[in-house]
Amino acid sequence: MLEMLKQLTLLNGPCGYEHQVTYFLKEYLEGRVDDVKVDPLGNVIARKKGNKPGPVTLLTAHIDEVGFIIKKIEENGLLRFEKLGGHDDRILPAQQVKLLGKYGEIDGLIGTMSAHFVKFDDPSKVRGHSKLYIDIGATSKSDVEELGIEIGTTVTWGTEWKLIGPSKNQMVMAKSLDDRAGCAVLLQVLEELQNESFAGELVFLFAVQEEVGLRGAKTAIQKLDVDAAIAIDTTAVSDTPEETMDQSLALGHGTGIKVMDFSLIVHKTIKNLLVDTAKTNGISYQLEIFPGIGTDGGAVSFAGGGIPTGVLSIPSRYAHSPVEMVSVKDLMDTKNLLKAFILRLDNETSFAF
Ligand SMILES: [Zn+2]
């Protein structure tokens with residue numbers, strides 16, 4: 001699973017420009033599922049039939065990542081940008097970025113004042129993103145255009161994958177773990193189910209544009225007819241020393257079974273089934289109540305006549321930054337719980353309220 005996660009985080013898919021991820025997944029899934037297609041928005045939808053009767057279960061994770069989009073090229077070659085998804089302006093200066101240009105990827109950075117100037121500035125001042133600029137080493141507008149950068153070019157973080165920490169308890173540090181970690185969990189579950197007997201049918205939805213308002217899932221679900229759904233996404237832990245942290249969710253303490261966030265009060269029957277499955281199988285879990293986050297679980301649950309939906313959250317530090325962090329153990333717990341949940345479903349399973 002880690003090798004797949006590494007590959008996925010090295011792909012670039014800012015909101016609306018998920019093409020690299022979409023077509024990587026389509027190619028990977030062909031031959032491993034009964035049917036796979038890309039819908040008009042770029043969502044990847046795959047179906048895998050079990051060998052006995054049972055419910056149709058949607059499993060979803062999003063494939064987009066937070067990024068930026070170029071909105072103006074200055075005469076001196078510096079680039080102004082707008083945000084794609086939620087960013088903290090305080091962490092933007094001096095970060096390395098990658099621009100998805102017409103002729104390929106271009107390295108750059110978000111500019112920052114040299115430290116020598118700080119004594120002439122207000123040290124507590126935070127410059128909003130509209131005051132900042134991306135520098136790609138070009139000194140004129142025409143240089144920028146020659147490199148294949150134009151208004152509308154999208155930008156992602158320029159950081160790469162690392163495994164850190166003691167070998168018995170490693171952490172992944174990378175960009176876009178939100179939500180390539182969820183995608184990797186779904187692919188690993190699919191892999192492990194290849195030779196297993198399971199009931200019903202699994203519908204995999206790898207959704208675009210989650211970070212700008214659950215747009216891909218909202219659209220795709222309109223054409224899907226399922227009995228229940230599980231969304232897999234990262235969630236922000238609260239185990240670091242900042243005063244806003246309430247220490248209710250910690251890295252490495254097991255998969256998060258969501259109870260509530262701002263997009264969803266999780267369907268009690270599904271939540272209880274997940275908790276029971278975790279207990280029965282000895283899988284570490286934490287119950288998550290965090291109104292600071294929403295997921296595609298919210299979009300899916302309220303579609304059609306309503307779909308009982310649960311969410312498994314992969315605990316994450318530093319979400320939406322270039323150095324997001326998840327624990328390998330939590331990833332495994334999430335994968336193990338999702339797999340055990342699928343294996344317990346049968347014709348008798350009730351998702352009734
Ligand atoms: Zn996410």
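What you see below is based on every heavy atom in this structure, not just the backbone, and it leaves out hydrogens, waters and symmetry mates. Both counts, for ligands and for their atoms, begin at 1 and track the order of listing. Index from 1, following the sequence.
- Ion pair Glu145/Lys141 not flagged as a salt bridge, since none of the NZ, NE, NH1 or NH2 atoms sits closer than 4.0 Å to an Asp/Glu carboxylate oxygen.
- Among the atoms of Asp296, no N, O or S atom falls under 2.8 Å of the Zn ion (ligand 1).
- Among the atoms of Glu210, none of the N, O or S atoms falls under 2.8 Å from the Zn ion (ligand 1).
- At the Zn ion (ligand 1), the angle from OD2 in Asp233 to NE2 in His62 is 90° when rounded to 10°.
- Each of Leu205 and Ile63 belongs to its own hydrophobic cluster when Ile, Leu, Val, Met, Phe, Trp and Tyr are linked at side-chain heavy-atom distances under 4.5 angstrom.
- At a cut-off of 3.5 Å, with distance as the only test, a side-chain donor of Glu242 or Thr240 sits close to an acceptor on the other residue.
- Using a 30° and 60° split on the angle between ring planes, Phe117 and Phe120 fall in the perpendicular class, above 60°.
- Nearest N, O or S atom of Asp178 to the Zn ion (ligand 1): atom OD1.
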